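All remarks here apply to the structure that follows.
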Amino acid sequence: MTAPRLWLVRHARPLAAEGLCYGRLDLPAEDQASRSAAAALARALPPQVALMRHSPLQRCELLALDVEALRPDLASTSEPRIAEMDFGAWEGRAWGSIARPEIDAWAANLGTHAPGGGEPLAAMLERVALALQDAAARAQGGDVVWITHAGVARCVQWLLAHGAQTMPKAHEWTLAAPGFGAWMTLPLPVA
């Protein structure tokens with residue numbers, strides 16, 4: 001029997017200008033890219049999936065709906081704890097327009113500094129950890145699918161390697177994340 005896995009699926013490319021800061025900014029995704037990603041994912045997923053959850057942001061919900069259209073057995077539920085980081089006042093601004101001292105202050109204290117007055121990484125790690133615990137408890141030995149964001153994929157990797165008590169330094173926060181419409185699988189922790 002195969003150990004249960006967590007599928008971390010990143011939404012399709014959002015309809016946004018290059019270099020735009022967006023986390024909780026509720027941007028739509030490219031329709032065709034979402035349908036293509038859904039087709040590839042529907043083929044790759046095992047016949048039995050314990051549960052599927054998606055971030056409430058429309059770029060993730062669209063991919064979840066596209067997967068459901070191909071695999072009606074995979075009904076997805078919105079899960080706010082797997083939404084992307086909230087960048088506060090930075091949302092919707094070009095990264096190049098954000099004052100360098102503000103970005104440096106965030107990088108110097110990645111765990112507790114709230115970028116743009118939004119959400120500090122410690123809070124994001126905590127909510128993702130709770131979602132991960134919940135998923136492990138509900139999985140009943142099956143795979144779990146999260147349609148989510150790059151930041152959540154990085155959080156899960158950090159949590160599995162270090163736990164929620166250790167905060168990363170900026171130079172450590174370079175963990176890989178799936179490309180748009182792609183995924184990675186990690187072992188699902190035992191509840």
Side-chain angles (χ1 to χ4, degrees), residues 1-14 23-24 29 33-85 111 119 121-168 172-191:
M1 184 165 143
T2 308
R5 297 170 293 173
L6 175 62
W7 293 67
L8 294 166
V9 183
R10 189 173 178 193
H11 56 81
R13 181 177 298 281
R24 292 283 178 87
S34 185
R35 284 192 296 276
S36 294
L41 180 62
R43 286 189 305 271
L45 288 171
Q48 298 285 316
V49 171
L51 60 105
M52 188 164 85
R53 301 286 186 258
H54 63 272
S55 160
L57 299 176
Q58 64 179 313
R59 57 192 183 264
C60 293
E61 184 177 26
L62 176 62
L63 182 52
L65 292 171
D66 287 339
V67 170
E68 286 178 33
L70 298 168
R71 292 272 309 264
D73 60 307
L74 296 176
S76 187
T77 304
S78 178
E79 172 54 84
R81 296 176 295 186
I82 63 170
E84 185 59 279
M85 178 180 274
E119 177 182 34
L121 182 58
M124 185 177 182
L125 283 166
E126 182 178 325
R127 69 176 162 81
V128 172
L130 291 172
L132 192 57
Q133 289 170 4
D134 187 52
R138 294 174 186 264
Q140 300 176 355
D143 285 5
V144 172
V145 178
W146 282 2
I147 298 176
T148 189
H149 309 273
V152 173
R154 289 182 180 103
C155 284
V156 170
Q157 291 176 78
W158 184 265
L159 291 165
L160 293 177
H162 305 283
Q165 307 313 315
T166 305
M167 285 299 114
E172 297 173 318
W173 200 243
T174 56
L175 302 166
F180 293 118
W183 58 86
M184 65 190 326
T185 59
L186 297 171
L188 187 64
V190 177

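Note that this is a predicted model, so its numbers are computed, not measured.
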Atom pair CG/CG of Leu65 and Leu70 - distance to nearest 0.5 Å: 11.5 Å
Reported CE-to-CZ distance for the pair Met85 and Arg154, which is rounded to 0.5 angstrom: 10.5 Å
Of all pairs that satisfy side chain to side chain donor-acceptor pair (under 3.5 Å), the ones with a partner from residues 35-51, not counting sequence neighbours: Gln32-Arg35, Gln32-Ser36
Minimal non-hydrogen separation, Ala44 against Trp183, with atom names: CB-CZ2, 3.5 Å
Glu68 CD: over 12 foreign heavy atoms closer than 6.0 Å: yes
CA sep, side-chain torsions, deciding dist, call: Glu172, His162, side-chain contact (heavy atoms from CB on, under 4.5 Å): CA-CA 12 Å; Glu172 297 173 318; His162 305 283; over 6 Å; no
Shortest non-hydrogen contact between Leu125 and Met167, atoms and distance: CD1-CE, 3.6 Å
Arg71 (side chain) donor-acceptor with Pro47 (main chain) under 3.5 angstrom: yes
Test item: Leu186 and Gln157 side chains (from C-beta on) under 4.5 Å apart, heavy atoms: yes
Atom of Gly142, atom of Pro4 and distance for their closest heavy-atom approach: O-CB, 3.3 Å
Evaluation steps, side-chain contact (heavy atoms from CB on, under 4.5 Å), between Asp143 and Leu45: CA-CA 9 Å; Asp143 285 5; Leu45 288 171; over 6 Å; no
Beyond-backbone contact of Trp158 with Val128, side-chain heavy atoms, under 4.5 angstrom: no
Close side-chain approach of Pro14 to Phe180, heavy-atom, < 4.5 Å: yes
Pairwise distance CD1(Ile147) to NE2(His11) - rounded to 0.5 angstrom: 11.0 Å
Audit row: His54, Leu63, side-chain contact (heavy atoms from CB on, under 4.5 Å) steps and yes/no: CA-CA 9 Å; His54 63 272; Leu63 182 52; over 6 Å; no
Minimum heavy-atom distance between His149 and Ala83, given as atom pair plus value: CD2-C, 3.7 Å
side-chain contact (heavy atoms from CB on, under 4.5 Å) partner of Cys155, the single match among Ile82, Leu160, Leu175, Leu121: Leu121
Candidate pair Trp146 and Glu79, rule side-chain contact (heavy atoms from CB on, under 4.5 Å), full reasoning: CA-CA 9 Å; Trp146 282 2; Glu79 172 54 84; 5.7 Å; no
Shortest non-hydrogen contact from Trp173 toward Pro168: CE3-CG, 3.5 Å
Within-4.5 Å side-chain heavy-atom neighbours: Arg138 and Arg53: yes
Spacing of Cys60 atom SG and Arg10 atom CZ [to the nearest 0.5 Å]: 9.5 Å
Main-chain N/O of Ala164 paired to Glu126 side chain as donor or acceptor, under 3.5 Å: no
Student check: side-chain heavy atoms of Pro46 and Arg5 closer than 4.5 Å: yes
Ala150 versus Ala177, closest heavy-atom pair with distance: CB-CB, 3.7 Å
Option from Thr148, Leu130, Val152, Leu132 for which side-chain contact (heavy atoms from CB on, under 4.5 Å) with Arg81 holds: Leu130
